[in-house]
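See below for the structure under consideration.
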Amino acid sequence: IEDRAHYFVWSHHHLLLDDRSLPVLLREVFRCYDAFRRGQHLVLAPPKQFQDHITKLNGRSESEAQAYWQDVFEGFRPATYLKVLETRADAIEELTEVTTVQRPLSASFHAKLQGIAQQRDLTPNLFLMGAWALLLSNYGSDDEAVFGIGVSGRESLKEADTPVGPYQTILPLRLTIPPEMSLLSW
């Protein structure tokens, strides 16, 4: 590295900061750096406390939340049984073990995925969620699918610009799949 060149390396775990916290925090880091370069003292506004968010969540009515989720899941069977497992006698024993399988996407597959998603005005993530829903529906021999999706736990977009913390949460998404639906037509 040159005498007057520096590298800024940033890393964090998603349990500490959600994606919307990152620009807020980095903006403050660079404001501090800019003030330091100019020989100025920067006073930042006091940050909102994550504890305030937790307090607000704890103050919500548990009975209202329970009623909401019961309404959302009324009529839904508790689990998607994958009929593909019916053909294997040892399937139940295998379900007690957890295995992680990672398959990196090739550059050409990623480009195709991007292209298909863009043609349909979707993000690749939304396109893959649709594929996952169809897969669950097809193998579960049901017209519905439920799976968890990561969402911002912030109250509003206005709030998205100020607090820093682990606001991400996982919520269930329930989808009704039309019969004989293909991924591209859906």
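Keep in mind the model is a prediction, meaning the values are calculated, not measured.
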* To do: Mark yes when over 12 heavy atoms from residues, nucleotides or ligands other than Gln40 sit less than 6.0 Å from its CD; otherwise mark no.
  =>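 Yes, CD of Gln40 has more than 12 neighbouring heavy atoms, counting only those of other groups under 6.0 Å.
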Heavy-atom side-chain contact between [X] and [Y] under 4.5 Å:
{"X": "Ile170", "Y": "Phe147", "result": "no"}
{"X": "Leu22", "Y": "His12", "result": "yes"}
{"X": "Pro163", "Y": "Val24", "result": "no"}
{"X": "Asp71", "Y": "Tyr68", "result": "no"}
{"X": "Arg31", "Y": "Leu44", "result": "yes"}

Can you get from [X] to [Y] by hopping between Ile, Leu, Val, Met, Phe, Trp and Tyr side chains that sit under 4.5 Å apart?
{"X": "Leu173", "Y": "Phe73", "value": "yes"}
{"X": "Val29", "Y": "Phe36", "value": "no"}
{"X": "Val164", "Y": "Leu42", "value": "no"}

In Å and rounded to the nearest 0.5 Å, what is the [atom1] to [atom2] distance from [X] to [Y]?
{"X": "Leu113", "Y": "Ser106", "atom1": "CG", "atom2": "OG", "result": "10.5 Å"}
{"X": "Thr123", "Y": "Gln118", "atom1": "OG1", "atom2": "CD", "result": "10.5 Å"}
{"X": "Leu175", "Y": "Ser137", "atom1": "CG", "atom2": "OG", "result": "9.5 Å"}
{"X": "Met129", "Y": "Ile149", "atom1": "CE", "atom2": "CD1", "result": "5.5 Å"}
{"X": "Asn58", "Y": "Gln51", "atom1": "CG", "atom2": "CD", "result": "8.0 Å"}
{"X": "Leu16", "Y": "Leu25", "atom1": "CG", "atom2": "CG", "result": "11.0 Å"}

* To do: Identify whether the distance between the nearest side-chain nitrogen and carboxylate oxygen of Asp34 and Arg37 falls below 4.0 Å.
  =>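 Salt bridge present between Asp34 and Arg37.
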List the atom of [X], the atom of [Y], and the distance in Å for their closest heavy-atom pair.
{"X": "Leu105", "Y": "His110", "result": "CD1-CD2, 4.5 Å"}
{"X": "Pro166", "Y": "Leu15", "result": "CB-O, 3.0 Å"}
{"X": "Gln168", "Y": "Gly150", "result": "NE2-CA, 3.5 Å"}
{"X": "Gly75", "Y": "Arg174", "result": "C-NH2, 4.0 Å"}
{"X": "Ala145", "Y": "Ala133", "result": "CB-O, 3.6 Å"}

* Asked: Quick one: do the Ser21 and Asp18 side chains pair a donor with an acceptor below 3.5 Å?
  ->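 Asp18 and Ser21 do have a side-chain donor-acceptor pair below 3.5 Å.
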* Asked: Do any N or O atoms from the side chain of Glu62 and from the backbone of Arg60 form a donor-acceptor pair under 3.5 angstrom?
  ->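 No; zero donor-acceptor contacts below 3.5 Å.
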* Intermediate values then yes/no, side chain to side chain contact (heavy atoms under 4.5 Å, CB included), Phe30 and Phe8 -> CA-CA 10 Å; Phe30 287 112; Phe8 177 71; 4.1 Å; yes
* For residues Tyr167 and Phe50, establish whether the separation of their ring centroids is below 6.0 Å. =>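 Yes, close enough.
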